[in-house]
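All of these numbers come straight from a predicted model, not from anything done at the bench. For ligands, and for the atoms within them, numbers begin at 1 and follow the listed sequence.
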Amino acid sequence: MEEYPRYISISKGFKPFDPLELAKRTEEIVCHNSSRKYTAFYCTGVYRGISTAYTVGCPLRCVFCWVSFSRDFPKEYGEFYTPEKVFENLVSNARKSKVKSLRISGGEPTLCRAHLLKVLDLVTSVDFLFILESSGILLGHDPSYAKALKKYPNIYVRISLKAGTAEGFQRRTGAIGDYYKLPFQAIKNLKRAGVSFHVASMSDPRLMPVSERREMFKNLRDVDYWDYLEEETCDPYDTSIIRLEKAGFDIWK
Ligand code: SF4
């Protein structure tokens, strides 16, 4: 079996991977029955205050990623939490800090589907908004996942695009370029399912060339997305700096 993909390294060589395959391999490490690995629970100031469960595991290896090295070494980090315990921690921290939103961050929340859906079931019993931040890989691959989200009245999805072309996707996420279409497919699937969402993109001009940004807009038009696009910039987190450097990007000049 191929070595588990970690951060992209130009000096060691890096073979592009199948993100659906990596999703499965990561789930074998971070999901157990309906439990999932987490490293922390806390509130933070984004979204005007949000209670956060910091999870482990992602099927992409974005060079600009700010999350901890739990992404790259999921075996070494985190402990398993049941959906009930995750829900309890999210809500008790939210009440203590008087914030109105909840999320799972630190990795891809749509891994471990049974776990996420159970957390969302529990969230329907309280008056909080659950913001589901996703790269759209699994939501694009399986339309039934987007449909399953429709039954939750208090969730809002934020799909985060990493690239506008196959080449940009492979260079900046480590995944095989052809899979760049999955997040756009996720937009289609969410629209069809009638789930509330908006799209964000890591289209920082230091990372995404103008021609690729143009392609990204074309792809968005092709999936009939005309709403707000939240364009992100890459911030100098310690982990992002290291990952960018290892992958041969020098954007801080
Ligand atoms: S930026 Fe998001 S999608 Fe990309 S590797 Fe990090 S956690 Fe995964």
| field | Arg71: numbered ligand 1 atoms lying under 4.0 Å from its heavy atoms | value | 5 (S)
| message | Just to confirm my output: which protein heavy-atom neighbour is closest to atom 4 (Fe) of ligand 1, and how far is it? | response | Cys62 SG, 2.4 Å
| Between atom 4 (Fe) of ligand 1 and Cys65, is there an N, O or S atom separated by less than 2.8 Å? | no
| message | For Glu133, state whether at least one heavy atom is located under 4.0 Å from any atom of ligand 1. | response | no
| If you look at every heavy atom in Thr173 and Ile8, which pair is closest and at what distance? | C-CD1, 3.8 Å
| Of all the atoms in ligand 1, which lie at a distance below 4.0 Å from a heavy atom belonging to Leu60? | 5 (S)
| Side chain of Lys37, backbone of Glu79: donor and acceptor closer than 3.5 Å? | no
| Is atom 8 (Fe) of ligand 1 less than 2.8 Å from at least one N/O/S atom of Cys58? | yes
| said: Check whether Tyr54 reaches the backbone of Val67 with its side chain - one donor and one acceptor, N or O, closer than 3.5 Å. | reply: no
| message | If we check side chain to side chain contact (heavy atoms under 4.5 Å, CB included) with Val157, which of these qualifies: Val199, Thr110, Leu190? | response | Leu190
| field | side chain to side chain donor-acceptor pair (under 3.5 Å) between Glu108 and Ser134, worked out | value | CA-CA 6 Å; Glu108 174 57 52; Ser134 174; 2.9 Å; yes
| request: Kindly check if Cys31 and Cys112 bring their SG atoms closer than 2.5 angstrom. | output: yes
| query | Is it the side chain (CB and beyond), the backbone, both or neither of Glu108 that lies under 4.0 Å from ligand 1, heavy atoms counted? | reply | neither
| request: Give the residue, atom name and distance (to 0.1 Å) of the protein heavy atom nearest atom 2 (Fe) of ligand 1. | output: Lys162 NZ, 4.0 Å
